[in-house]
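Right, one structure below, let's go through it.
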Amino acid sequence: MIQATPSTKLKKREKELLVLELVALTTAQRVDFMAAQGLPISLSNKGEVRDRIETSLDDGDFDYTDLIGYLDEVVPSGKQHVYLFNGPSGSTKNTWQKQPWVKRHLKKHAPDVFALLSGGKHVGLPEELTPTSIEWTADRITLQLVRRREWFERDKQYDDQKETPAGEPVELRAFVHRVIRNLIVFEWDLKTNTAALRISQLAGGVRYENVKQEVAALLAPWLNLGTFALLDLHPAILNLMKLERSGKGITRSHDFEVLTSTGRAVSVRSNANDAPAVGDKATKAVFDSIPGTVTGNTGNFYWLPERGNPLSEELRVVLVGDKDRINFTAPSNEKIIQRVLSDIRKHC
């Protein structure tokens, strides 16, 4: 395991934003962090949590590197968007699976990444995409990157109304300035030659394809992502639906869309989260009447807890076929995420 080395080059605003990033985590995650630091876990609202954390940081009870380390630990299991790949052709036994070769290759083509082999670094909110750690074994490579991202997000609760001196109505529409620490993980299983690019969730409307291209450009000097084949998710959407219709589903569909061979789109949506979008006579009749073949385009599924899998409760996952992107809509844990990704691969 990599032991991160602290970085003290944090600006005042950067420190404030890191505290806000921690406060924005789930209640359970905040409680875990505060308990680990010996802080009270019974604070009633996020404002009190923020004040207590800032006070403890000022008092030296713990350091910002502890905060960053915790974010690096839990954010990869949070809401995220994932691209799956099949690795490049050819064997990696004499290259990426050999430590001397990896060290020589990185030292020559990516000295900054090579330096991370001996220990990661704690990075706050860098303006540019920045590698912060790399873990290598003969079976797997995991690279973590961080970048500051910001946007203005509409929030009606802060709207206000006023009047001009002449009595004309003025409507003030509020936009909250959001700044987050966007964490990205690229993992390559050298044994199965499969890979995943995992991007922590950003604002609605953000093009994750652009983030993927940004990562590819950064890695290009030492790892060509163009040699990795993006996994086509369309078959998985259709196969998960077929499995569900057969009564052997591992998911429950909430809504989905299929494309017909004649260029039409057919979509079905359930009115309730606990009711499947398929399974009744009406939807069966619709699909049985479609001529030719269909292709799964989008699928909004609930992964179900069942014997042999690590889920303790349902998890909603959206497969965006036209983007070949998977959206985990709620925080989870690493075992569950890897199980769901494995299920999707299996049905592609």
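Computation of the quantities below employed the complete heavy-atom set of this structure, encompassing side-chain atoms and omitting hydrogens, waters and symmetry-equivalent molecules. Only a predicted model underlies this, so the values are computations on that prediction, with no experimental measurement involved.
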Around atom [atom1] of [X], are there more than 12 heavy atoms from other residues, nucleotides or ligands closer than 6.0 Å?
X	atom1	answer
E171	CD	yes
N94	CG	no
N271	CG	no
E313	CD	no

- Full working for side chain to side chain contact (heavy atoms under 4.5 Å, CB included) between T295 and T260: CA-CA 6 Å; T295 302; T260 72; over 6 Å; no
Step through it carefully: locate the ring centre of [X], locate the ring centre of [Y], and say whether they are under 6.0 Å apart.
X	Y	result
W96	H105	yes
W188	F228	yes
Y83	F186	no

Rounded to the nearest 0.5 Å, how far does [atom2] of [Y] lie from [atom1] of [X]?
X	Y	atom1	atom2	value
L233	C348	CG	SG	5.0 Å
W136	T142	CH2	OG1	12.5 Å
L225	L218	CG	CG	10.0 Å
L240	K346	CG	NZ	10.5 Å
F256	L238	CZ	CG	9.0 Å
H122	T65	NE2	OG1	6.0 Å

Pair [X] + [Y]: basic N to acidic O under 4.0 Å:
X	Y	answer
E187	R198	yes
R140	D189	yes
K212	E209	no
E21	R149	no
R181	D72	yes
R154	D159	yes
R147	E214	yes
K12	E14	no
R148	E150	yes

May I ask you to test the [X]-[Y] pair for a side-chain heavy-atom distance under 4.5 Å?
X	Y	result
L20	E16	no
L143	P131	yes
F33	L22	yes
F62	I53	yes
D322	N297	yes
P40	R52	yes
Y302	H254	yes
I134	L117	yes

Does [Y] offer a backbone N or O that forms a donor-acceptor pair with the side chain of [X] under 3.5 Å?
X	Y	result
D139	K191	no
Q29	T26	yes
T251	S253	no
T130	P126	no
D66	D63	yes

- Message: Quick one, L18 with L125, criterion side chain to side chain contact (heavy atoms under 4.5 Å, CB included). Give me CA distance, side-chain angles, the key distance, then yes/no.
- Response: CA-CA 8 Å; L18 287 169; L125 291 101; 3.7 Å; yes
Tell me whether [X] shares a hydrophobic cluster with [Y], the cluster being built from Ile, Leu, Val, Met, Phe, Trp, Tyr side chains joined at under 4.5 Å.
X	Y	answer
L219	F114	yes
V318	I326	no
L231	V320	no
Y64	L25	yes
V278	I237	yes

Smallest separation among heavy atoms of [X] and [Y], with atom names:
X	Y	result
S77	E334	OG-N, 3.6 Å
N309	P305	OD1-CA, 3.9 Å
A196	L84	CB-CD2, 3.8 Å
L190	A138	CD1-O, 3.8 Å
L10	K15	O-CE, 3.6 Å
A217	P221	O-CD, 3.9 Å

- Evaluation steps, salt bridge (Lys or Arg N to Asp or Glu O under 4.0 Å), between E314 and R252: CA-CA 9 Å; E314 296 177 356; R252 182 181 68 253; 2.8 Å; yes
- Query: Should L116 and K121 be marked as a side chain to side chain contact (heavy atoms under 4.5 Å, CB included) after you check the CA-CA gap, both sets of side-chain angles, and the distance that decides it?
  - Reply: CA-CA 7 Å; L116 297 175; K121 58 183 180 181; 4.0 Å; yes
Under a 3.5 Å cutoff, is there a donor and acceptor pairing between the side chains of [X] and [Y]?
X	Y	result
Q80	S200	no
N327	T329	no
D343	W303	yes
W151	E153	yes
T298	E257	no
N45	R50	no

- Item | Intermediate values then yes/no, side chain to side chain contact (heavy atoms under 4.5 Å, CB included), L202 and N182 | CA-CA 7 Å; L202 299 169; N182 183 217; 3.5 Å; yes
- Task: Decide side-chain hydrogen bond (donor to acceptor under 3.5 Å, both in side chains) for R339 and N333; before the verdict, give the C-alpha distance in whole Å, the side-chain angles of both, and the deciding distance to 0.1 Å.
- Result: CA-CA 10 Å; R339 175 56 183 264; N333 64 55; over 6 Å; no
- Can you name the residues that form a salt bridge (Lys or Arg N to Asp or Glu O under 4.0 Å) with D61, not counting sequence neighbours?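 Checked D61 against salt bridge (Lys or Arg N to Asp or Glu O under 4.0 Å); zero matches.
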